Amino acid sequence: MEINKSYHSEKYEQKKDLQYFLKGIKNGNRFILSEAITLIESTNLEKRNLALKILKELPVLTHSTIRIGITGSPGVGKSTFLDTLGKMLTALGKKIAILAIDPSSRLTKGSILGDKTRMEQLSKDPNAFIRPTASGTLLGGVSAATREAVDLCEAAGFDVIFIETVGVGQSETEIVNLVDIFCLMILPGAGDEIQGIKRGITEMANLVIVNKADGDRKLQALETSKQYENAFKLLPSRLPGWKTKVLTCSGLTGDGLSDVWNNINEVINHAHKTSFFHHQRKKQREIWFDEISRNMIIQYYLEKQSSADYIVTLRSSVLKGELTFYEALLTLSDELKK
Ligand code: GDP
């Protein structure tokens, strides 16, 4: 029995080689796409290497893609909005991928996003792929892995990629470097501080969406949008020649979603016309190459048992008082120079 079992698992493992992943991704297989993202996120060097080989062999894209960042505090209605907008877009023939980044998962090792039933409609749609991003990747930052996940999703045929974050400021500045357009979702009535949105995030937005503009809150939503619009008049725009727009909508009823989608397209068209789109993606590749290669160097160095031991010994010398904090860092600096 035992022999049989290991034979089967070996056969199963053997199947999951480079060709297995490339073929699966080429065919738009969402299960295999998800497995490939798990490889990207792996802290195991061998798996990580296979992930890099897959990424290297991905076919050149023959379709254009849009990468949309969407951020907002928990409860603002992001998943409901993406569920409704996503269904609208798949009905238009689009293939939607949603990569949700949850910064809390790094601490709790679980995901608040994964716990609730999110995007119920869209998750049943064969033209949608929804994936919460795990934490603690080999690359260090959550968003470095997300950057690679975007490449995988696009290669699997998805043409509209949403990257969703919760607006607490840790990942948003990095997410801006991943997307073509950055949208901030807010609630009617409350200011940035009350909504827990970090300073600076508002300024990064190309589009502000006042959600839950339905029922009693419709009027209040319009007022909020006017206030934000006025505030934006004073701020420089991230996209040259484009004033940040503030829109109202309801993810629940679907009201205003076509307008949001039209505006997203207007921003993208404007960015294409002014070559900003191309320029921004190029700049982002540069940023990510630096980020990922630096993380790789650190990780590979630390993976070597001798370097890990060396650092542990140095740290313990500091704790025992044998070396001062800075003596130990100088010793490490000399060691690294060798
Ligand atoms: P998320 O945490 O930002 O993803 O927010 P959810 O989409 O999970 O929504 C949080 C709560 O707000 C849920 O109870 C939703 O039913 C509700 N909600 C979401 N969108 C709307 C909306 O457009 N209008 C109203 N009235 N409620 C909404």
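Just so you know, ligand 1 is whichever comes first in the structure, and atom 1 is the first atom listed for that ligand. Just so you know, these numbers come straight off a predicted model, no measurement behind them.
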Note, Ile66 side chain near Phe162 side chain (heavy atom, < 4.5 Å):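 Counting from C-beta outward, Ile66 and Phe162 never come under 4.5 Å.
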
Check: Phe129 and Ile96 side chains under 4.5 Å, non-hydrogen atoms: no

Report yes if [X] has an N/O atom closer than 3.5 Å to an N/O atom of ligand 1; otherwise report no.
{"X": "Leu252", "result": "yes"}
{"X": "Cys249", "result": "no"}
{"X": "Gly77", "result": "yes"}

Proximity of Asp214 to ligand 1 by residue part, where a heavy atom lies under 4.0 Å: side chain

Ligand 1 versus Ser73: contacting region, heavy-atom distance under 4.0 Å: backbone

Closest candidate by heavy atom, reference atom 11 (C) of ligand 1, pool Lys212, Lys78, Met119, Glu164: Lys212

Option whose closest heavy atom lies nearest to atom 15 (C) of ligand 1, chosen from Thr80, Thr253, Thr84: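 Considering heavy atoms of Thr80, Thr253, Thr84, the nearest to atom 15 (C) of ligand 1 sits in Thr80.
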
Thr90/Asn127 under side-chain hydrogen bond (donor to acceptor under 3.5 Å, both in side chains): CA gap, chis, key distance, verdict: CA-CA 6 Å; Thr90 57; Asn127 288 319; 5.9 Å; no

Close-contact set for ligand 1 against Pro74 heavy atoms, below 4.0 Å: 2 (O)

Charged N to carboxylate O under 4.0 angstrom, [X] versus [Y]?
{"X": "Lys218", "Y": "Glu223", "value": "no"}
{"X": "Glu154", "Y": "Arg67", "value": "yes"}
{"X": "Glu148", "Y": "Arg48", "value": "yes"}
{"X": "Glu335", "Y": "Lys338", "value": "yes"}

4.0 Å heavy-atom contact, Gly251 with ligand 1: yes

